[in-house]
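Report on one structure; see the data block that follows.
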Amino acid sequence: VLLDEVLITSEDIKGWMVNSDKGVTVALDVNITPELAQEGIARELINRLQNLRKISNFNVTDRINVQLEQNELIANVIENTALHQYICSEVLADSLTAVPHLPQTANTIDINEVVLGVVVTVSSTK
């Protein structure tokens, strides 16, 4: 069989993205596992908290306390010890807790189209 007698094609496989260019084919598994979803939420939370630190004019080295409105979206993330520690280390948080009620003056953040109340204060422990 000669090369010009063979037709090679690629097809998408459910849960995979396949692309070919210049003789190279790449396939990626695009399934989102629960663990990946939680990590994504943690990263989004870090981003929103860093933005709150910035608009609140906190010093870069200020340690903070974070209270989040209790919500199913973030519950599994902050209850996961590794992710909890990761978030705290990234935003310099001494505490990160979910509470049932926040004051009306609480800030709001949007994560995956879910609006959550959040209170960020400078920690008194240095």
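These numbers come from a predicted model, not from an experiment.
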Tell me, please, which residues at least two apart from Arg48 pass side-chain contact (heavy atoms from CB on, under 4.5 Å). Glu44, Ile109, Ile111

Smallest heavy-atom separation, Ala27 atom then Val18 atom, equals CB-CG2, 4.0 Å

If I take atom CG from residue Asn51 and atom CG from residue Asn107, how far apart are they, to the nearest 0.5 angstrom? 11.5 Å

Can you tell me if Asn80 uses its side chain to pair, donor with acceptor, with the backbone of Val77 under 3.5 Å? no

With Ile55 via side-chain contact (heavy atoms from CB on, under 4.5 Å) - residues at least two apart: Leu52

Is Leu7 isolated, or which residues cluster with it under the ILVMFWY side-chain rule of less than 4.5 Å, directly or via members? none

Donor-acceptor contact below 3.5 Å, side chain Arg53 vs main chain Val60: yes

Excluding sequence neighbours, so at least two apart, what forms side-chain contact (heavy atoms from CB on, under 4.5 Å) with Val6? Val1, Ile8

Show me the donor-acceptor pairs, under 3.5 Å and distance only, between side chains in residues 66-76 and residues at least two apart or in other chains.
| residue | atom | partner | partner atom | Å |
| --- | --- | --- | --- | --- |
| Glu69 | OE1 | Gly117 | N | 2.7 |
| Asn71 | OD1 | Leu73 | N | 2.6 |

Run the side-chain contact (heavy atoms from CB on, under 4.5 Å) test against Val115 and tell me which residues pass, sequence neighbours left out. Thr108, Asp110

So which residues get pulled into Val119's cluster when ILVMFWY side chains under 4.5 Å apart are joined, directly or through others? Val99, Leu102

Got a second to check how far Met17's CE is from Asn19's CG, nearest 0.5 Å? 7.5 Å

Salt bridge (Lys or Arg N to Asp or Glu O under 4.0 Å): which pairs involve residues 17-38, sequence neighbours left out? none

So CG of Asp62 and OG1 of Thr121: to nearest 0.5 Å the spacing works out to 10.5 Å

Neighbour count above 12 (heavy atom, 6.0 Å) for Gln104 CD: no

Would Asn47 and Arg43 count as a side chain to side chain contact (heavy atoms under 4.5 Å, CB included) here? Give the steps. CA-CA 6 Å; Asn47 175 270; Arg43 289 175 183 270; over 6 Å; no

For residues Val122 and Phe58, determine if any side-chain heavy atom of one lies less than 4.5 Å from a side-chain heavy atom of the other. yes

Give every donor-acceptor pair under 3.5 Å between a side-chain atom in residues 81-93 and any protein atom, sequence neighbours left out.
| residue | atom | partner | partner atom | Å |
| --- | --- | --- | --- | --- |
| His84 | NE2 | Leu96 | O | 3.0 |
| Ser89 | OG | Gln85 | O | 3.3 |
| Ser89 | OG | Tyr86 | O | 2.9 |

Sequence neighbours excluded, the answer for side chain to side chain donor-acceptor pair (under 3.5 Å) partners of Ser56 is none

Rounded to the nearest 0.5 Å, what separation is found between the CD1 atom of Ile64 and the CG atom of Leu49? 6.0 Å

Roughly how far apart are Gln38 CD and Thr33 OG1, rounded to 0.5 Å? 9.0 Å

Excluding sequence neighbours, so at least two apart, what forms salt bridge (charged side-chain N to carboxylate O under 4.0 Å, His left out) with Glu79? none

